[in-house]
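Structure, as structure tokens:
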Amino acid sequence: MKRKPSTEATSAWIRLMRVQSRVLDCVEQDLKKAGFPPLAWYDALLELSRAPSGELRPVELERQMLIPQYSTSRLIDRLVDEGLASRRECKIDKRGQFVEITEAGRELQKRMWGAYSAAIEKYVGSKLSDADAVKLSGLLDRLGCSCGEMKLPPVVAVNETTPSR
């Protein structure tokens with residue numbers, strides 16, 4: 001017989017899901033109030049800007065963002081329609097394509113970081129000491145390692161030039 005989660009583990013799971021949902025909702029509202037598009041746009045632009053040549057295949061972007069394929073396709077369509085990204089055919093594999101960030105996309109991502117970083121400070125940074133944040137990061141890393149194929153990217157120092165989710 002498999003072991004069932006303890007009451008404490010179940011309670012932690014519920015809290016984790018609720019906090020994640022509430023904090024993301026608050027961040028989304030702050031971005032909206034500042035006149036910016038949804039957080040997913042920032043995440044996509046960030047991942048594209050971090051790519052060595054500023055471009056990724058849609059499937060790579062999907063993996064980096066951890067959202068469903070159909071959502072990624074619609075998001076890419078919106079970014080292209082707004083001139084924030086462009087599609088390019090893969091020269092080696094004519095059926096494949098790349099999504100590349102444009103200068104307008106880079107500029108929007110940088111402008112959004114101001115509102116996004118303020119929201120991170122408001123909803124997380126102001127509520128945790130740096131030591132608590134390190135401890136929480138360590139605990140979350142332990143959870144991320146237990147998901148089999150899911151590997152989280154290494155955490156990098158966050159500043160104006162290397163914004164992070």
Side-chain angles (χ1 to χ4, degrees), residues 15-88 90 96-130 132-134 136-141 143-145 147 149-165:
R15 282 186 167 92
L16 179 63
M17 292 298 99
R18 286 182 180 162
V19 166
Q20 183 252 2
S21 177
R22 288 177 184 155
V23 171
L24 281 177
D25 286 348
C26 290
V27 170
E28 289 281 7
Q29 288 302 313
D30 284 7
L31 288 174
K32 188 176 182 177
K33 286 177 191 168
F36 290 116
L39 185 57
W41 289 39
Y42 176 87
D43 286 345
L45 294 171
L46 176 65
E47 293 304 334
L48 291 170
S49 71
R50 285 181 169 174
S53 57
E55 63 185 19
L56 292 169
R57 288 184 180 259
V59 70
E60 294 170 322
L61 185 60
E62 176 188 336
R63 259 188 254 128
Q64 294 286 55
M65 293 186 57
L66 305 174
I67 62 175
Q69 186 273 328
Y70 66 87
S71 295
T72 305
S73 296
R74 286 193 307 227
L75 176 59
I76 291 169
D77 288 344
R78 289 184 185 117
L79 294 174
V80 169
D81 290 347
E82 293 293 325
L84 303 171
S86 61
R87 285 189 183 89
R88 177 176 74 70
C90 177
Q97 65 175 256
F98 285 96
V99 179
E100 183 176 20
I101 191 168
T102 63
E103 268 314 303
R106 288 183 192 280
E107 288 304 313
L108 177 61
Q109 186 258 323
K110 288 176 186 172
R111 286 193 328 270
M112 284 182 78
W113 175 241
Y116 187 20
S117 64
I120 292 170
E121 176 57 26
K122 180 178 178 181
Y123 300 111
V124 179
S126 68
K127 299 184 181 346
L128 299 174
S129 68
D130 288 346
D132 286 342
V134 168
L136 178 60
S137 292
L139 291 169
L140 293 172
D141 285 348
L143 295 177
C145 294
C147 295
E149 78 285 340
M150 187 180 96
K151 297 243 182 191
L152 298 175
V155 176
V156 295
V158 177
N159 62 40
E160 292 278 335
T161 58
T162 58
S164 180
R165 279 182 253 162

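Quick caveat: nothing in here was measured; it's all calculated off a predicted structure.
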Around atom CZ of R88, are there more than 12 heavy atoms from other residues, nucleotides or ligands closer than 6.0 Å? yes
Considering residues, nucleotides and ligands other than D81, do more than 12 of their heavy atoms fall under 6.0 Å from its CG? yes
Would you tell me whether Y123 and D30 have side-chain atoms, one donor and one acceptor, within less than 3.5 Å of each other? yes
Do [X] and [Y] make a side-chain contact, defined as non-hydrogen atoms from C-beta onward lying under 4.5 Å apart?
X	Y	result
L39	M112	no
V80	S86	no
L140	L16	yes
L108	P37	yes

Stepwise side-chain contact (heavy atoms from CB on, under 4.5 Å) check, R111 with F36: CA-CA 9 Å; R111 286 193 328 270; F36 290 116; 4.0 Å; yes
Any donor-acceptor pair under 3.5 Å from [X] side chain to [Y] backbone:
X	Y	value
E60	R57	yes
S117	W113	yes
S126	E121	yes
S49	R106	no
E55	I101	no

How close do [X] and [Y] get, heavy atom to heavy atom, and via which atoms?
X	Y	value
A115	L31	CB-CD2, 3.9 Å
L75	A44	CD2-CB, 3.7 Å
G105	L45	O-CD1, 3.7 Å

Rounded distance [0.5 Å steps], [atom1] in [X] versus [atom2] in [Y]:
X	Y	atom1	atom2	value
I76	E62	CD1	CD	8.5 Å
Y42	Q109	OH	CD	4.5 Å
I120	C26	CD1	SG	13.0 Å
Q64	L46	CD	CG	9.5 Å

Set of residues satisfying side chain to side chain donor-acceptor pair (under 3.5 Å) with respect to R87, sequence neighbours excluded: D77, Q97
Qualifying residue for side-chain contact (heavy atoms from CB on, under 4.5 Å) with V99, from L48, L56, T72: L48
